[in-house]
Amino acid sequence: MSKSGFCMWRLSPLVLALSAAVAQADSAAVQPTMVVTATRIATNPDTLSSDVTVLTVNQLAATGAQSLGEALAAVPGVQFSRAGGFGQPASLYIRGANANQTLVLVDGQRMGTATSGGTNFDLIPISAIDHVEILRGPASSLYGSDAVGGVVQIFTKRGQGAPHVWANTEYGTDSTWSVATGLSAAADDTRVAVGFSHKESDGFNLTKPANTFYYEPDRDGYHQTSANFDLSHFFGDANELGIRGLYVQSDAAYDSGGFPANPWSRETQSNIAVYSRNQFTDAWQSTLTVGMAQDQSHADSWDYTNFVPYTSRFDTRQKQVNWENRISSSYGKWLLAAEYVDETVTSTADYDVDGRITKAAIGGWQDDFGASHLQANVRLEDNSQYGHQTTGNIGYAYHFDQAWQFTANAGTSFHAPTFNDLYFDCGYVCANPNLKAEKGRSFDAGLRWDTHGWNTTLVGFENRIRDLIVLDANNNYIPENLSEGKIVGGTLSTQGKLGTLDVAASVTRQNPFDQNAGLLLPRRAKLFGSASVGQTSGVWHWVADAQGAGQRFDDAANSDANEMGGYVIYGLGLDYALGKNWKAGVRVNNVFDRAYELVKNYNTQGRAYFVNLSYDGAGF
């Protein structure tokens with residue numbers, strides 16, 4: 001076994017031991033949470049065949065993560081990578097799929113850039129989030145292109161209950177500080193929630209000297225400001241009209257080898273949507289949403305033809321219309337939906353094509369038959385670049401008894417290449433206009449054991465993606481189609497209470513391969529996982545956690561020069577309740593100051609300390 005494999009396997013005995021401890025647990029059953037992302041219909045996850053994780057606002061805070069991407073790295077089956085520190089380009093891999101094969105939604109609206117196809121998770125402030133749903137497995141039959149590996153849907157805070165305000169502040173390593181505040185209220189038929197946050201840091205040096213083209217010996221800081229709101233009014237008990245929005249602006253320094261000197265980038269993400277939710281009959285609920293999302297990226301750049309600095313610009317605008325109809329009947333629950341997305345790219349770079357329109361009709365159905373549950377979806381899509389596409393999936397779940405459940409899912413997927421993949425003019429060959437669209441088939445099967453307050457899941461999966469697109473680090477990162485990518489693996493996860501301890505752990509073993517060459521897909525590990533244990537005792541709460549991954553490569557060729565070794569990092573947190581509404585805490589990340597890489601020749605943060613103070617209580 002390689003050193004990287006041995007390093008990662010140190011997590012595995014902990015995961016297996018925690019799973020075995022389930023039989024010793026004795027606590028109250030965990031109450032189910034309704035999830036929407038798996039079927040676009042609010043459903044009890046205990047009945048679903050889909051593989052879904054829900055992160056609440058309290059769980060997000062408990063991770064001690066500085067960004068949403070870092071928090072999602074602890075989710076079963078999910079890997080996270082970033083080229084340096086906060087505010088830098090980041091990627092999320094669900095079940096080994098490419099980063100741009102994960103769809104990101106904010107309150108049902110698509111977010112991200114059409115140029116690179118990804119979403120910068122650092123641009124979605126944790127303070128604005130109510131909860132996050134992570135769906136693993138292909139979801140093109142519900143959401144279309146980009147949902148090959150899965151879906152991350154972020155639900156922002158909404159007004160509810162008596163008026164109250166919340167606020168928190170934090171200070172830590174690299175002169176990092178943040179403040180966030182907001183209020184939530186519901187009065188009569190009107191609900192309102194608003195929030196504001198600001199974060200700054202001196203940062204650390206992003207690149208290593210081995211990164212000869214980009215290296216600069218300096219700190220790379222950042223600052224970010226965000227605001228969000230949700231305002232709605234009920235007309236009677238069955239009809240709601242509302243508007244919501246999110247705006248985030250992030251400025252970050254980066255290394256460019258001195259050309260231009262001390263460069264900065266500014267990225268802005270925003271969305272705004274108007275929605276009408278109507279209960280036309282006892283059986284028919286309709287939701288119409290009209291919105292627009294923008295991703296704007298401006299950066300100091302260098303013109304290597306004329307040898308002068310200039311400001312590059314990559315802007316994406318997505319106009320979106322969604323109409324969802326949920327119908328209950330004696331023959332199950334039905335979904336009938338229509339979707340329209342108009343993507344437009346504006347840039348200082350030349351694109352032969354700068355827009356695409358997607359129109360789709362979606363049908364869904366689910367029903368329970370005694371101990372069995374069936375769910376199915378189909379999507380008929382018309383893509384202005386790649387024509388008509390049809391995707392579908394079917395899922396089955398069976399309860400052997402109250403504790404044991406079997407699940408199985410099969411589906412197809414479709415993914416259109418990004419505008420950068422197809423048309424980006426960088427001054428030399430960077431794009432491939434001959435790329436084919438990716439098409440996939442996926443299967444998974446699992447067992448769930450839910451008893452005495454513990455939930456343990458074992459899922460095996462296989463995802464075959466024809467014409468998989470990868471960037472070749474040894475050939476100017478030019479995108480190319482592989483004949484087929486095949487990802488086979490399994491995830492074991494468990495969470496619950498062991499006496500007074502709160503325990504959670506997961507380990508994923510996968511083979512994210514280029515099927516023909518037998519090589520690992522870039523930046524994905526065969527083995528990765530996480531574990532945490534915490535306890536509340538009176539006014540004190542502590543948590544200890546670990547995350548790790550095995551060997552990875554930064555290129556499709558798996559060259560020795562681009563190998564990244566395995567790692568395990570540890571974190572510690574301690575909170576103290578100062579009173580009914582006040583809490584103070586301290587957090588240490590990367591306790592043993594482990595040096596590791598998520599992107600080759602880019603630094604990650606060493607040991608880091610943070611102290612925080614928060615308030616949540618009656619307002620006005």
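The analysis underlying the following values was restricted to heavy atoms, covering all of them including side chains, and did not include hydrogens, waters or symmetry mates. The first residue of the sequence shown is numbered 1, and numbering continues consecutively from there. Since we're looking at a predicted model, the values are computed, not measured.
With values rounded to the nearest 0.5 angstrom, T604 atom OG1 is found 7.0 Å from N590 atom CG. With values rounded to the nearest 0.5 angstrom, Y254 atom OH is found 5.5 Å from D300 atom CG. To the nearest 0.5 Å, atom CG of residue L468 and atom CG of residue L482 are 5.0 Å apart. In this structure, T63 OG1 and Q66 CD are separated by 9.0 Å, a value rounded to the nearest 0.5 Å. One finds the CG atom of N168 at 8.5 Å from the OG1 atom of T181 (value rounded to the nearest 0.5 Å). Interatomic distance, CG of D202 versus OG of S175, reported as 4.0 Å (0.5 Å rounding).
D174 and Q605 form a side-chain donor-acceptor contact under 3.5 Å, judged by distance and modelled atom types alone. In this structure, a donor-acceptor pair under 3.5 Å is absent between the side chains of Q495 and N455. With hydrogens and angles left out, the side-chain atoms of T53 and R136 include a donor and acceptor closer than 3.5 Å. Side-chain contact annotation: Q101 with E438, donor-acceptor N/O pair under 3.5 Å present. D255 and T207 are linked by a side-chain donor-acceptor pair at a separation below 3.5 angstrom, with hydrogens and angles left out of the test. At a cut-off of 3.5 Å, with distance as the only test, no side-chain donor of N558 or R552 sits close to an acceptor on the other residue. In summary, the side chains of D555 and N562 do present a donor paired with an acceptor at a separation below 3.5 Å, with no hydrogens or angles considered. Side chains of T115 and T113: a donor-acceptor N/O pair is present below 3.5 angstrom, by distance only. Judged by distance alone, the side chains of S197 and S226 do bring a donor and an acceptor atom under 3.5 Å apart. For the residue pair T500 and Q535, a side-chain donor N or O sits within less than 3.5 Å of a side-chain acceptor on the partner. Remark: the Q224 side chain and the Y222 side chain contain no N/O donor-acceptor pair separated by less than 3.5 Å. Between the side chains of Q153 and T37, at least one donor N or O lies within less than 3.5 Å of an accepting N or O. H198 and T225 form a side-chain donor-acceptor contact under 3.5 Å, judged by distance and modelled atom types alone.
No more than 12 heavy-atom neighbours from other residues, nucleotides or ligands sit within 6.0 angstrom of CZ on F259. In this structure, D560 places its CG atom where only 12 or fewer heavy-atom neighbours from other residues, nucleotides or ligands lie under 6.0 Å away. Environment of CZ in F196: crowded, with over 12 heavy atoms of neighbouring residues, nucleotides or ligands closer than 6.0 Å.
Looking at E563 and K600, no side-chain N of the basic residue comes within less than 4.0 Å of a carboxylate O on the acidic one, giving no salt bridge. A salt bridge links D502 to K497: one of the charged nitrogens lies within less than 4.0 Å of a carboxylate oxygen.
No side-chain heavy atom of L135 sits under 4.5 Å from any side-chain heavy atom of D51. Residues E267 and D251 have side chains not in contact (no heavy-atom distance under 4.5 Å, counting atoms from C-beta outward). Between D421 and N432 the shortest side-chain heavy-atom distance does not fall below 4.5 Å. Within the 4.5 Å cutoff, the side chain of S201 has no heavy atoms near those of the R219 side chain. H223 is not listed as a side-chain neighbour of K199, based on a closest heavy-atom distance of 4.5 Å or more. No side-chain heavy atom of W177 sits less than 4.5 Å from a side-chain heavy atom of T169. Residues R95 and D444 have side chains in contact (heavy-atom distance under 4.5 Å, counting atoms from C-beta outward). For the pair R523/S81, a side-chain contact is recorded, criterion being any heavy-atom separation below 4.5 Å from C-beta on.
The shortest non-hydrogen separation linking W166 to G195 is CZ2-CA, 4.4 Å. Nearest heavy atoms, N205 versus D218: OD1-O, 2.9 Å. Listed here is the closest heavy atom pair of R110 and L103: NH1-CD1, 3.4 Å. Smallest separation of non-hydrogen atoms from Y602 and K208: O-CE, 4.0 Å. When all heavy atoms of Q547 and A74 are compared, the closest pair comes out as NE2-CB, 3.8 Å. Taking both residues in full, the closest heavy atoms of L519 and A557 are given as CD1-O, 3.8 Å, listed atom of the first, atom of the second, then distance.
The aromatic rings of F314 and F424 sit perpendicular, their planes meeting at an angle over 60°, well past the 30° parallel limit.
A side chain to side chain contact (heavy atoms under 4.5 Å, CB included) with T119 is found for exactly one of V106, L105, I124, namely I124. Only one option out of L60, V57, I126 pairs with V132 in a side chain to side chain contact (heavy atoms under 4.5 Å, CB included); it is L60. For the side chain to side chain contact (heavy atoms under 4.5 Å, CB included) with L492, the lone residue among T457, T508, L458, V459 that qualifies is L458.
With sequence neighbours left out, E462 forms a salt bridge (charged side-chain N to carboxylate O under 4.0 Å, His left out) with R464. Scored by the salt bridge (charged side-chain N to carboxylate O under 4.0 Å, His left out) test, D575 finds no partners at all (sequence neighbours excluded).
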*Apply side chain to side chain contact (heavy atoms under 4.5 Å, CB included) to the pair K526 and F513, showing each step before the final yes or no.*
CA-CA 9 Å; K526 291 183 179 180; F513 284 156; 3.8 Å; yes
*May I have the step-by-step check of side chain to side chain contact (heavy atoms under 4.5 Å, CB included) for L598 and Y567, ending in yes or no?*
CA-CA 10 Å; L598 297 176; Y567 67 91; 3.5 Å; yes
_Audit row: Y576, W540, ring-ring contact (aromatic ring centres under 6.0 Å, His included) steps and yes/no_ = CA-CA 5 Å; Y576 176 74; W540 294 94; 4.7 Å; yes
*asked:* Go through it in stages, so that I can follow the logic: the residues are F592 and Y570, the test is ring-ring contact (aromatic ring centres under 6.0 Å, His included), and I'd like the CA-CA distance, side-chain angles, deciding distance and then a yes or no.
replied: CA-CA 7 Å; F592 299 108; Y570 301 89; 5.6 Å; yes
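Taking the centre of each ring, H298 and W264 stay at or above the 6.0 Å mark.
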